[in-house]
Each structure stands twice: as C-alpha cells, then as structure tokens.
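Only this structure's heavy atoms are used, side chains among them; waters, hydrogens and symmetry mates stay out.
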Amino acid sequence: MGIHCVKKSRDTLLEDLIQCASSLPQDRTQALRTLETMWLTRFMDDKMAKLVRQNKGATFHLAVTGHEMIGSVAGLSLIPGTDWAFPYYRDRAFALGLGCSPQDLFASFLAREIPNHSGGRMMPEHFSQRNLRIPCQSSCVGSQFLQAVGMAKSAQLRKAQEVVYVSGGDGSTSQGDFHETLNFACLHMLPLVIVIQDNGWAISVPVEDQTAGKTIAKMARGYEGLSVFEIDGCDYEQTTHAMAQAVAKARQGIGPSLIVAKVPRIAAHSSSDDPKKYKTEEKILAECAQDPLPLFEKYLLQKGILSAQELEELKKQWQAQVEEASQAADLLPFPNKETATDNVFQAHEVIETSSPAEGESIVLMDALNHALVEEMARDPGVVVFGEDVAHGKGGVFGITRTLTAQFGENRCFNTPLAESTIIGLAIGLSFDGFHKPVAEIQFADYSWTGMNQLFNELSSMYYRSNGQWNCPVVIRMPYGGYIQGGPYHSQSIEAFLAHCPGLKVVIPSNAADAKRLLKTAIRDPNPVIFLEHKALYRQRLFCARPETAADDLLPFGKGQIVREGTDITFVGWGMTVLMGAEAADILAKEGLSVEVIDLRTIVPVDFDIILKSIRKTGKLLIAHEAARNCGFGAELAARAAEEAFHYLDAPVHRIGGKDCPVPYCKDLEDAVLPQKKDIENGLRKLGAI
C-alpha cells in the first residue's frame with residue numbers, strides 16, 4: 001500500500017508524498033528525493049541519446065545508466081553551497097542531487113551559452129557551478145582527486161565544517177594522483193569523501209586487467225586513518241549508510257573515507273563506443289539485471305512508501321520535466337564567436353611603485369625570502385608549501401628559511417615528494433577565495449611529473465570555467481645550469497611554459513626585480529610560474545641590489561634596458577642578461593655600442609621595448625641557455641621579422657644551448673651552455689655585417 005494523500009496536481013504529487021511521509025523517519029523523504037533524482041538522470045540519458053542522433057549540437061554523450069543510485073544518494077547527502085564537490089563525468093545524478101538544473105545540464109550538453117558548466121568551452125558532463133561549489137572539472141582521468149585534497153586542506157586550515165566530495169570511476173584508481181590523494185588525505189586527516197563508482201570497466205579494459213586484487217579497496221585499507229566502505233552501489237540501504245558515515249566523519253574533521261560502490265555500466269562508455277566489441281551477450285544481460293532503478297522501485301513498493309499508481313504518475317511527471325528542460329535549452333543561443341578567446345586571464349592591473357632604494361645591497365635569494373615574509377605578514381591567506389620548504393631547512397636553497405618559525409606550520413609546511421600533489425594541492429587551495437598558495441618545486445627539472453596538473457588543469461581553469469573559477473597560484477621553480485648539476489638539475493623550461501595559454505612566466509635577473517615581481521605574482525589572480533636561476537641566487541657583482549620597499553611592485557610585461565646602446569640590440573633573460581651586460585662592457589672598449597634588454601617576464605612579454613630598440617640599432621641578437629631549437633628566442637625572432645623587418649639591417653641572430661641535455665662534467669657543461677665568450681663573438685659577428 002502506498003501513502004495515500006489528496007492530490008492537488010501532477011506538479012505537486014511528489015511534494016504531497018513527502019509531506020505525508022514527514023511523519024515517518026527522515027530516510028523516507030530521502031528515498032523519494034533519491035527516486036526523483038535517479039529517474040531525472042535516466043530520462044535525461046534517453047533524451048540526450050536522441051539529441052545526438054538528431055545532430056542538435058551535441059556530438060558526444062556519456063551515459064550514467066546503472067550509476068544513478070550512488071550518485072543521487074551522494075548528491076543528496078551534502079549541503080548545497082556549503083560543501084564542495086569534484087564529480088567526475090559519469091556523475092550527473094550527483095550533480096542533479098546537489099542542485100544543478102536539468103536545463104543547464106542540457107544546455108551544456110548542447111554547447112550553449114550559459115554561465116554554468118563552462119558555457120560551451122568544455123565537453124558535456126564537465127560540471128562547474130560556483131554557487132554549488134563545484135569547481136570546473138576536466139577530461140583528464142583522476143586529476144580531480146588532488147584538487148579535492150587541496151580544497152579539503154583549505155577547509156581544515158579555515159576550521160570550516162565543510163565536506164569535500166570527489167568521485168571517479170574504477171579506471172581512475174590506476175592514476176598516480178589517486179594514490180597520492182589517499183596518502184596526503186590520510187597524512188593530514190582531511191574532511192574528504194572519495195567515491196569510486198566501480199562498474200568493472202575502464203572503457204573496454206576489464207577490472208582484472210586494470211586493478212591488482214580486482215578492487216582498490218584492498219590496497220586502500222593500508223592507509224592509516226582511512227575508512228573504507230566496499231558496497232553494492234545499487235542497494236539503497238548500503239549506499240545511504242556508507243554515505244552517512246563518511247559525511248559525518250568528514251563533518252567532524254576526523255579524517256577521510258573511501259567508498260567503493262559496485263555498479264553496472266548498462267550503457268556504452270560513450271556515444272562513440274560499442275560495448276558489443278568487448279562484452280559478451282551474457283555479460284550485457286547480467287549487467288542489465290543489476291539496474292538500480294527497478295530494484296529501488298521494488299524496494300519502495302515493498303516498504304509502502306508509495307503505490308504503483310503513484311510511481312507511474314511520478315515517472316510521467318519527471319519525463320515531462322526532462323522534455324521541457326531539453327526544449328528550453330535548445331532555444332538558448334550558441335556562444336558568440338567573438339568570445340572564443342575571452343577569459344584566458346582574469347584582468348589585473350598593477351601600477352609600478354618604486355621607492356628610493358637605500359641601505360646595503362642584498363642578493364637575489366634574500367630578496368625572495370623577504371618578499372615572502374612581507375606578503376605572508378600582509379595577507380593571512382598566503383601559504384607556502386613544497387618539498388623540504390618548512391622548518392630550518394627552508395628548501396634546498398634556503399629561500400623559505402624562517403617562514404615556519406615566523407608563521408607556523410599551517411602557513412609553511414612540507415609536502416610528500418610528489419610534484420603532482422604539490423600543484424594539485426595548490427589548485428584546490430586556491431578555489432576558496434581566501435588562500436593564495438605559493439608552491440615550490442624543488443627543481444624545474446622535476447616539474448614534469450606535475451605537468452598534467454599544470455598544463456591540463458591550472459593553466460586553463462579560468463578559461464574552461466568561462467570565468468567562474470580563477471586560481472591565484474604561484475609556483476616557484478629554481479631552474480638553469482652553470483652549477484655543474486647534470487641533466488636533471490640544469491634544465492631551462494621557459495619555452496615549454498610560454499607555449500601554454502593561461503600561465504604567466506616570470507624570470508628575474510637581479511634582487512630588486514625578484515622581490516618586486518614575486519610580490520606582484522602573489523597578488524595576481526592568475527597562475528604565475530616564477531623561475532629563479534640557481535646560479536644567480538648568491539651572485540653579487542651584477543645581481544645584488546639595494547633592497548626595495550615592502551610596498552614596491554613591478555608590473556608583468558615590462559622589460560628593462562640594462563645598458564643603452566646604438567649599434568646592436570641584445571635581448572636576454574635570467575643568466576644571459578648578466579653575460580650580455582658583461583659582454584657589452586667589453587665590446588664598448590672596441591667601439592661597439594650594445595643595448596642590453598632584460599625581458600624580466602616571458603608571458604606577458606614586452607615586445608614593444610624590443611621594437612623600439614631595433615628601430616634605433618637595426619640589429620638584434622637574442623640569447624638563452626635553453627636548447628636553441630624551438631627556444632623562446634625563436635618566437636622573438638619570428639616576431640621581429642614580422643613586425644620590424646623594415647628596420648633590420650641584418651638577419652636576427654640567436655645564441656642558445658646545444659640541442660642536447662646538459663651534462664655533469666664541467667668542461668662538457670661549458671661546451672653545451674652558452675658562455676660569455678659566445679655572446680661576445682656573436683655580437684662582434686653581427687656588428688661586422
């Protein structure tokens with residue numbers, strides 16, 4: 001028997017049922033909401049599949065069929081606008097349960113212009129909604145885990161009773177980021193709920209070829225402090241019990257939980273997939289028999305929560321709601337083509353301030369330390385972390401020494417030796433609108449294990465979210481050679497970084513610039529990569545400068561003429577500025593006048609200062625220590641040929657490192673990296689033309 005009420009209209013049937021169920025335990029109301037979310041999700045799947053076939057603007061569909069129970073229960077277990085969510089692409093039921101509207105999800109599916117879910121920048125099912133605290137999700141499998149860790153760390157630091165939810169498929173547990181997430185979450189006992197929707201397939205790869213022991217739960221139990229729930233994700237009571245316990249634990253701030261929910265993937269992986277190519281007919285039928293919707297309906301009928309007639313009436317109502325939402329979404333416009341390049345960077349204006357420099361000169365490493373101290377004192381949201389940065393060591397070069405003692409372990413702390421963790425943590429921390437992470441990668445050479453988080457996630461977050469989410473992250477990296485560091489302590493990676501839209505790239509060559517630029521970086525709402533040349537840290541003759549004031553800032557994209565000249569324009573950054581200035585001094589005695597320009601930032605680049613100088617000198621030499629082939633000098637040379645051709649009296653010349661790794665032996669290193677003598681000879685050769 002169902003709960004019989006006087007019905008007012010089809011639109012209010014569910015509310016009537018819930019009101020009549022209010023005298024029953026709260027879980028009855030939750031059950032009805034769960035049923036609603038599950039059926040909305042299923043009807044949306046059916047409609048989306050039809051829209052793909054109708055070529056309505058959608059070309060790709062990711063079905064949720066079979067996953068509706070765990071997603072719906074999870075979404076309804078959180079507090080919208082208080083808790084945080086990082087749902088993966090097959091978690092539409094969660095998004096609906098948390099509060100995303102069907103119309104918005106259809107509009108995203110059809111690539112229409114809406115504020116939420118990227119407004120046509122991302123593929124469907126990449127959820128993003130600021131008021132529901134869903135940061136923009138991506139296509140990279142498992143990248144959301146570490147960002148959720150960062151947000152959970154933020155909640156812990158702010159002492160906020162916020163739960164952070166993150167989900168993924170069983171295939172995502174093969175990613176290193178997943179295991180790094182478990183490690184960091186347990187080390188810091190974070191308020192994190194991780195849900196793995198285990199359907200036994202990573203597209204076409206079965207679990208026995210994907211996961212040792214056939215379930216990640218076995219391995220996960222080795223992490224101390226982690227509560228592990230291995231459940232049937234189609235069983236309502238198991239699912240609600242596990243989610244309630246995990247959310248309660250996180251809300252109390254006593255550590256993370258992992259829920260591994262076994263579910264069937266009844267539909268194909270995507271609209272471009274054919275499961276019959278790798279699933280037997282017997283397997284397909286067995287998965288269909290696990291469909292959570294008919295199982296849940298049977299459960300509700302047996303419990304007397306509603307009648308068969310009420311169930312059918314509700315399903316008609318929900319199907320009509322989905323149809324209405326899809327039609328409304330189809331009427332929305334596509335994004336304007338003129339906006340295609342909007343929101344790569346959030347607008348930010350900095351006015352240069354420079355007080356008269358007084359007192360004793362300081363070296364570059366001390367300038368960086370002082371900038372960090374002053375910014376941490378000015379802004380309580382600035383946090384510093386990385387490998388070996390805390391306590392007395394202060395990083396391998398001592399830049400962050402004193403910070404833990406001055407500001408405490410919550411403001412300057414060590415991380416595991418895992419670059420993906422460091423960058424993913426920084427992304428997650430930056431979402432809260434309060435924290436400004438300053439992360440240190442021990443050497444630029446080791447940043448590559450974190451490049452997925454850097455290139456695929458951090459750089460494009462503002463763009464992909466259509467301006468909803470920005471990441472005020474600074475990542476400091478010692479870089480460069482000339483210290484006999486060998487192939488893994490000598491790389492200059494600025495050209496790689498400059499090729500990635502959405503990252504600002506800074507390379508100071510002296511203490512005064514370093515301090516002002518680092519302060520500007522910390523105050524910038526965009527991601528900034530701050531490259532610090534190791535060989536310049538303690539250099540005094542050229543790099544040491546009188547200390548700038550605490551309020552002095554230097555805008556990005558503003559180069560500097562280090563030495564004026566009339567015969568040749570020399571452009572460098574980092575170490576080559578020092579060598580170029582010294583070479584110019586030598587050549588001045590030979591009657592050759594060289595104008596030396598320090599770019600100071602690679603992105604944005606001050607090309608106007610180069611053009612102005614070329615108009616005066618007619619000749620251009622660019623020098624960098626990175627390999628010459630496809631170095632950033634090639635970009636500058638191409639622009640000079642395009643924009644200053646009529647002013648050039650000779651071809652643009654470049655000096656760079658040899659196209660090979662940097663060796664350890666000092667003699668070999670000197671042969672590979674450009675030397676001052678190479679720059680001298682290059683300037684003489686160009687001057688003779």
Side-chain angles (χ1 to χ4, degrees), residues 37 40-65 67-68 71-72 74-75 80-81 84-141 143-144 147 165 167-169 267 269-272 318 321-337 339-340 342-343 431 456-457 460-469:
T37 306
L40 288 174
T41 305
R42 181 67 60 89
F43 286 136
M44 288 183 72
D45 266 341
D46 295 342
K47 184 63 178 179
M48 287 175 173
K50 291 176 183 177
L51 290 170
V52 169
R53 293 193 295 270
Q54 293 170 355
N55 195 26
K56 284 282 191 175
T59 59
F60 192 73
H61 174 222
L62 286 158
V64 186
T65 315
H67 290 236
E68 293 95 344
S72 299
W84 294 82
F86 296 76
Y88 87 122
Y89 55 78
R90 211 180 301 283
D91 214 358
R92 189 185 333 115
F94 171 86
L96 288 168
L98 192 64
C100 295
S101 78
Q103 180 176 321
D104 267 9
L105 294 177
F106 271 118
S108 171
F109 177 73
L110 296 170
R112 303 308 167 90
E113 178 62 57
I114 56 170
N116 299 319
H117 312 302
S118 88
R121 275 72 178 168
M122 294 292 292
M123 295 176 74
E125 316 294 357
H126 293 65
F127 311 105
S128 175
Q129 188 160 335
R130 191 165 186 90
N131 69 316
L132 292 178
R133 293 188 161 185
I134 307 175
C136 187
Q137 301 304 288
S138 84
S139 300
C140 301
V141 174
S143 59
Q144 70 274 18
Q147 295 168 29
Y165 168 91
S167 62
H269 164 73
S270 69
S271 52
S272 59
W318 294 328
Q321 183 182 339
V322 165
E323 188 64 32
E324 181 182 348
S326 69
Q327 291 176 3
D330 195 24
L331 296 175
L332 295 173
F334 289 100
N336 190 320
K337 292 180 180 180
T339 67
D342 289 355
N343 296 328
F431 287 137
N456 285 325
E457 300 292 330
S460 61
M461 186 66 71
Y462 190 63
Y463 179 82
R464 327 187 243 115
S465 69
N466 199 20
Q468 275 199 341
W469 297 97

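Every residue two or more places apart in sequence or in another chain was checked for a salt bridge (charged side-chain N to carboxylate O under 4.0 Å, His left out) with D342, and none qualifies. Residues meeting the side chain to side chain donor-acceptor pair (under 3.5 Å) test with N131, sequence neighbours left out: Q129. In terms of the ring-ring contact (aromatic ring centres under 6.0 Å, His included) criterion, residue partners of F94 (sequence neighbours excluded) are, by chain and number, Y165. Residues satisfying the ring-ring contact (aromatic ring centres under 6.0 Å, His included) test with F43, not counting sequence neighbours, are W39. Every residue meeting the side chain to side chain donor-acceptor pair (under 3.5 Å) condition with R90, not counting sequence neighbours, appears here in chain and number order: H269.
In this structure the side chain of F86 reaches within 4.5 angstrom of the side chain of P135, judged on heavy atoms. Two residues are said to be in side-chain contact when any heavy atoms from C-beta on lie closer than 4.5 Å; C100 and I134 meet this criterion. Side-chain contact between P102 and V322 is absent, with no heavy atoms from C-beta onward closer than 4.5 Å. The shortest distance between side-chain heavy atoms of F431 and M461 falls below 4.5 Å. Using a 4.5 Å heavy-atom cutoff, the side chains of S128 and R464 are not in contact. In this structure the side chain of E113 reaches within 4.5 angstrom of the side chain of N466, judged on heavy atoms. Residues H117 and L105 form a side-chain contact, since some pair of their non-hydrogen atoms from C-beta on lies under 4.5 Å apart. Within the 4.5 Å cutoff, the side chain of F106 has heavy atoms near those of the K47 side chain.
Here Q137 contributes atom CD and S143 contributes atom OG; the two are 7.5 Å apart, rounded to the nearest 0.5 Å. From L110, atom CG reaches atom OG of S326 across 8.0 Å, with rounding to the nearest 0.5 Å. The line from OG of S72 to CZ of R42 is 10.5 Å long, rounded to the nearest 0.5 Å. For the atom pair OG (S271) and CE (M48), the distance works out to 11.5 Å, reported to the nearest 0.5 Å. Note that OH of Y462 and CG of N343 are 4.5 Å apart. Values are rounded to the nearest 0.5 Å.
Of all heavy-atom pairs spanning D91 and S167, the tightest one is OD2-OG, 2.8 Å. C140 and N456 make their closest contact through SG-CB, 3.5 Å (heavy atoms, listed as atom of the first residue, atom of the second, distance). For A340 against Y463, the heavy-atom pair with the smallest separation is O-OH, 2.6 Å. In terms of heavy-atom proximity, S272 sits nearest to F60 at OG-CE1, 3.8 Å. What you find for G99 and L132 is that their closest heavy atoms are C-CD1, 3.6 Å. Here the shortest heavy-atom pairing between R121 and G119 reads NH1-O, 2.9 Å.
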Set out, in order, the CA-CA distance, both residues' side-chain angles and the distance that settles side-chain contact (heavy atoms from CB on, under 4.5 Å) for M44 and L96, then state yes or no. CA-CA 11 Å; M44 288 183 72; L96 288 168; 3.8 Å; yes

Passes side-chain contact (heavy atoms from CB on, under 4.5 Å), D330 versus R112? Steps please. CA-CA 8 Å; D330 195 24; R112 303 308 167 90; 3.1 Å; yes

Evaluate Y89 against S139 for side-chain contact (heavy atoms from CB on, under 4.5 Å), listing each step before the verdict. CA-CA 8 Å; Y89 55 78; S139 300; over 6 Å; no

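The aromatic rings of Y88 and H67 are tilted relative to each other, their planes meeting at an angle between 30° and 60°.
Listed by first and then second residue, the side chain to side chain donor-acceptor pair (under 3.5 Å) pairs involving residues 92-110 are D45-R92, R92-E125, D104-N116 (not counting sequence neighbours).
Of the listed residues (E457, Q144, H126), just one forms a side-chain hydrogen bond (donor to acceptor under 3.5 Å, both in side chains) with S138, and that residue is E457.
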